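Computation of the quantities below employed the complete heavy-atom set of this structure, encompassing side-chain atoms and omitting hydrogens, waters and symmetry-equivalent molecules. Since we're looking at a predicted model, the values are computed, not measured. For reference, positions follow the sequence shown, starting with 1. When a ligand or atom number is given, it counts from 1 through the structure's own listing order.
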Amino acid sequence: MSDVAVHAIRFASRAGVRGQHFLGYDDRAQEPHPTAYHVWLVTSGEHTVLVDAGIDPDGYVPIDGLEFHGSPLDGLAALGVAPGDVDLVVLSHLHYDHTGTVAAFPRARYVVQRAELDYWTGPVAARIRREQWLVSRDDLAHLTGPARDRLDLVDGSAEVVPGLEVHHVGGHTAGMQVVRVATASGPVVLASDAAHFRENLTADRPAPILHAVPDVHAAFDRLVELAGEDGLVVPGHDPEGVTPDPSTRPLVTRLA
Ligand SMILES: [Zn+2]
């Protein structure tokens, strides 16, 4: 892609504690740990790609304490993008905080790992109580119903538009995928929840909500490998490391 720009759109924040974000006993578990909620927009002369669909403030919001800065769609509008302009929506995984506006894009194709869709529509997820609140059945029903003929299922790695690749990493969820974008300043790797916070990656400590611990560690390795020497890994929920434009609602940051 030529003239590639990558923006983070922070549509919500929440006052968390460290114990919510690092697996295992931690004597700092009660310390404050602010949490941010993002979607990412990748634009070029040829394509408008939304990575993750966030949460619709007027839709399924199963947790308390979220402070919305706006809808993810407001963030797109702040960047001059209407829902009908989006030609591709890459869903890193199918947790509710990454799928909330999926029904808003009338002509987009959706890119999901086959393993992710199979897991959430299969018999095992339905038996695991904790999984029930993590997924929006309405969003899932949209993908498998009205949008089914615009749903592209990927197995592993794929270049979905020139210069934008998806890579299955698993770990956080069965079909967790990350996105690598080639930009003029080097590769940008949108980790989403393969690394919620930079410290998950640098301290080699998984977040507690996960599918398979060994795969979370393997995903950390894969993120580092995909970024290479000059790349940037962008964690999914980390408010640090990005400086949003305070004049925008939601808060928008240009990453590349
Ligand atoms: Zn998330």
Is His196 close enough that one of its N/O/S atoms sits under 2.8 Å from the Zn ion (ligand 1)? no
Rounded to the nearest 0.5 angstrom, the OG1-CG distance for Thr183 and Leu232 is 8.5 Å
For the Zn ion (ligand 1), find the closest N/O/S atom belonging to Asp193 and write down its atom name. OD2
Heavy-atom neighbours of Asp149 CG exceed 12 at 6.0 Å: yes
What N, O or S atom of Asp97 is found closest to the Zn ion (ligand 1)? OD2
Count the heavy atoms of every other residue, nucleotide or ligand shown that sit under 6.0 Å from CZ of Arg129, and state whether that count exceeds 12. no
Using modelled atom types and a 3.5 Å cut-off, is there a donor and acceptor pairing between side-chain atoms of Thr35 and backbone atoms of His33? yes
Using 2.8 Å as a strict upper limit, say whether an N, O or S atom of His237 approaches the Zn ion (ligand 1) that closely. yes
